[in-house]
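What follows is one structure encoded as structure tokens, with my remarks underneath.
Both backbone and side-chain heavy atoms feed into the values below; hydrogens, waters and symmetry mates do not.
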There are 2 protein chains.
Amino acid sequence: MSQASKKSRPTMHDVAAKAGVSQMTVSRVLRGEGYFSQDVKTRVADAAKALGYIQNRLASVQRGMENPMIGVVLPTLKNTVFIDVLAGINDTLAEVGMRPVFGVSEYSEAEEETLVRDMLSWQPCGLILSGIEHTDGLRRTVAQSGVRVAEIMDVEGDAISASFGISQQAAGAEMARHFIAQGHRRVAYIGSQGGSDLRALKRYTAFKSELEAEGGCITYERIANRASSMPLGRELTAACLSDVTDCDAIYFSNDDLAAGGLMHCLSNKVSVPHGVALAGFNDLPFLSALPQRITTTHTPRYEIGALAARYVAGADDVPAKRHMLLAELVVGDTT
Amino acid sequence: MSQASKKSRPTMHDVAAKAGVSQMTVSRVLRGEGYFSQDVKTRVADAAKALGYIQNRLASVQRGMENPMIGVVLPTLKNTVFIDVLAGINDTLAEVGMRPVFGVSEYSEAEEETLVRDMLSWQPCGLILSGIEHTDGLRRTVAQSGVRVAEIMDVEGDAISASFGISQQAAGAEMARHFIAQGHRRVAYIGSQGGSDLRALKRYTAFKSELEAEGGCITYERIANRASSMPLGRELTAACLSDVTDCDAIYFSNDDLAAGGLMHCLSNKVSVPHGVALAGFNDLPFLSALPQRITTTHTPRYEIGALAARYVAGADDVPAKRHMLLAELVVGDTT
DNA sequence: CTGAAAGCGCTAACAA
DNA sequence: TTGTTAGCGCTTTCAG
């Protein structure tokens, strides 16, 4: 009777019965709070272990304890960048005994709102969202819920409370100045994700206006609808170089595409950077294995995830504000 | 008074007060169960929307409802393979309104057990674990918890209830036969993860014994401790080719390493496959962008995740048994 | 069709 | 140092 039946897992009552104490005492011992004798402590610990007791957090949280769970919404899993961010989030949360619940929005703000509503039903103590553009409903919902919210990747715009990312505009503009300095004035742009990647768009916009301000120009622009990948980059580059003969450089929205471009050039004996210069974005580790070092912008992806996680986990050394991390130009030999 | 205070989120009581019905009626309407008039239905729906009501799942689950949450433990986030699996899991769960909670074990069985204990405290309705080797404690814990458990990637060994994966042994043996058929008898093996990747080990063991049975031999073996990556593959290949001069092929534990190997050969004018043959494992999409098509084994990663998710989500068309998916040899031009 | 009562497993507050 | 009481927000059961 006091033993849990086959069907239901043991509760504190079962542990209490086995240890010969009250259920409340079990609660205290297991949390290590309040007072209890050494004897009781070991009896309870033994009983819990013997029964294979596992805490029911739903009940604790329901009673007012903080839920060590963080809702995380990423735009996609197809881009390594977010995997790195995820790793940073997960590692950091794990350090303090918290876990992420996941959702993928596929770059849709409406879907993001739905996901957040859903996650809030588990009463997480924090939320990590991507980007800084959200629906009004989302903003209202999270404001009402009172959970901590971190927005990652982007810091340009109106943050809900804390944002962690880089300046996409500065990164784009810096690359434009580098192009100009290297004498690349006629530039093609190749992107993916059909323009739903708002951060790539911000970068490109800044790149373009800086380039034009410095006397350069965009001679070709192609933003494919598919997800970014090396094969896609190779394909788009082939198309670009056969369409346009008057560009001396290609700016890709990320490294996967740029690496694909480099592969095209390698396989087709297009000299880089003399035939055409190439640059990507992110500085993914695999670049260092390629035959040529692609010029790119290093982004602190893991750090962004880690910092955001520290914030939503309630670390008091991470204030709620705009955290702009450094994105550094990495000059390779493709420009 | 009936309105939620600034601090706490609105409950069914608040909605009930606003709609002029009892809390129980709100519960019924919101779940669409039982009977209620059209009038009551709209009043409740309006009130809920006006208040921005979000269900408190902790309470429902506590009361006996199923928690649409699946605990997922992966060995690493550094290997694209698991990202694909994750995508399959997430997409499939999302279709039925479920979400994954994540943990990364870093290939440690002890860590896996800790993670599972932690996740079970949220009363998830299912668990997806990687591999088929687990601690006894883990097995006891999940047996007692009564949740559905799926084990992915590997099907050779004693599954808890349902396993989804490929035959690592068959994949390794098939590659060995391919090597022999192509005349590659003296083979080097390059791996990573310091041998904690049990699946790679199984593959290699089968590869080796099949190779030797057919008259081939392993002339070099290097399993680095670091995580698998293209740069690592390039580095290890360089070391291998400078150490050993008598191997005519290298079998890599995965595509990242193999691609790194190919890059080394490209950059150092080592002809492939005549100077040395190369083969990887997984058939990652980026291979199609490389200058040469690397021979590899295609693994149905997304499908494994998707199927496992269907099972733990409670789909009745996925029985609890050993699901061995097909891993197909993909012959490229590097062997 | 609608509501009142009971209780899931836990913890804060108080009593012993 | 330990136990008792109340109640978190919800759903099951049973009464109107």
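For the pair Arg148(B) and Glu66(B), the salt-bridge criterion is met [side-chain N within less than 4.0 Å of a carboxylate O]. A salt bridge links Asp39(A) and Arg43(A); the closest N-O separation between the charged side-chain nitrogens and carboxylate oxygens is under 4.0 Å.
Glu33(A) places no side-chain N or O within donor-acceptor distance of the main-chain N or O of Ser27(A), the cut-off being under 3.5 Å. At distances below 3.5 Å, not a single donor-acceptor pair connects side-chain atoms of Arg9(A) with backbone N or O atoms of Ser145(B). With hydrogens and angles disregarded, no donor-acceptor distance shorter than 3.5 Å links the side chain of Asp84(A) to the backbone of Val81(A). Under the 3.5 Å distance criterion, the side-chain polar atoms of Glu151(A) are matched with a main-chain donor or acceptor of Ile160(A). With hydrogens and angles ignored, the 3.5 Å screen pairs no side-chain donor or acceptor of Asn56(B) with any backbone N or O of Thr11(B).
The nearest heavy atom of DNA chain C to Phe36(B) and to Gln62(B) marks one nucleotide each, and the one closer to the 5' end goes with Phe36(B).
Taking the C1' atoms of five terminal pairs at each end of the helix from dC1(C)-dG16(D) to dA16(C)-dT1(D), the two resulting helix axes are inclined by 40°, rounded to 10°.
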Show me the protein contacts with nucleotides 12-16 of chain C, counting only N or O atoms at under 3.5 Å.
{"unit_1": "dA12(C)", "atom_1": "OP2", "unit_2": "Arg31(A)", "atom_2": "NH1", "d": "3.1"}

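Protein atom CG of Leu30(A) is 15 Å distant from nucleotide atom P of dG9(C), rounded to whole Å. Computed from coordinates, the Glu66(B) CD to dC8(C) C1' distance equals 16 Å when rounded to whole Å. Between the CG atom of Asn67(B) and the C1' atom of dG9(C) there is a distance of 15 Å, rounded to whole Å. Remark: C1' of dG9(C) and CD of Gln123(B) are 9 Å apart, rounded to the nearest angstrom. At whole-Å resolution of the value, CG in Leu58(A) and C1' in dG7(C) are 15 Å apart. Remark: P of dC10(C) and CD of Gln55(A) are 8 Å apart, rounded to the nearest angstrom. Whole-Å rounding puts the Trp122(B) CH2 to dC10(C) P distance at 16 Å.
Ser60(A) has no side-chain polar atom (N or O) that falls below the 4.0 Å cut-off from OP1 or OP2 of dC10(C). Look at Thr25(B) and you'll find a side-chain N or O under 4.0 angstrom from OP1 or OP2 of dG3(C).
Each of Asp154(B), Leu325(B), Val155(B), Val318(B) was compared with Phe164(B) under the side-chain contact (heavy atoms from CB on, under 4.5 Å) criterion, and only Val318(B) meets it.
Contacts of Val61(B) with the nucleic acid, taken as non-hydrogen atoms under 4.0 Å apart, are absent.
For Arg117(A), the side chain to side chain contact (heavy atoms under 4.5 Å, CB included) test picks out Glu113(A), Thr141(A), with sequence neighbours left out. Residues satisfying the salt bridge (charged side-chain N to carboxylate O under 4.0 Å, His left out) test with Asp317(B), not counting sequence neighbours, are Arg310(B).
Evaluation of the side chain to side chain donor-acceptor pair (under 3.5 Å) test over residues 91-107 of chain A, restricted to residues two or more places apart or in two chains, returns Asp91(A)-Tyr302(A), Arg99(A)-Asp118(B).
Protein chain B contacts DNA chain D from dG9(D) to dT12(D), reading 5' to 3' and using non-hydrogen atoms of the protein with a distance under 4.0 Å.
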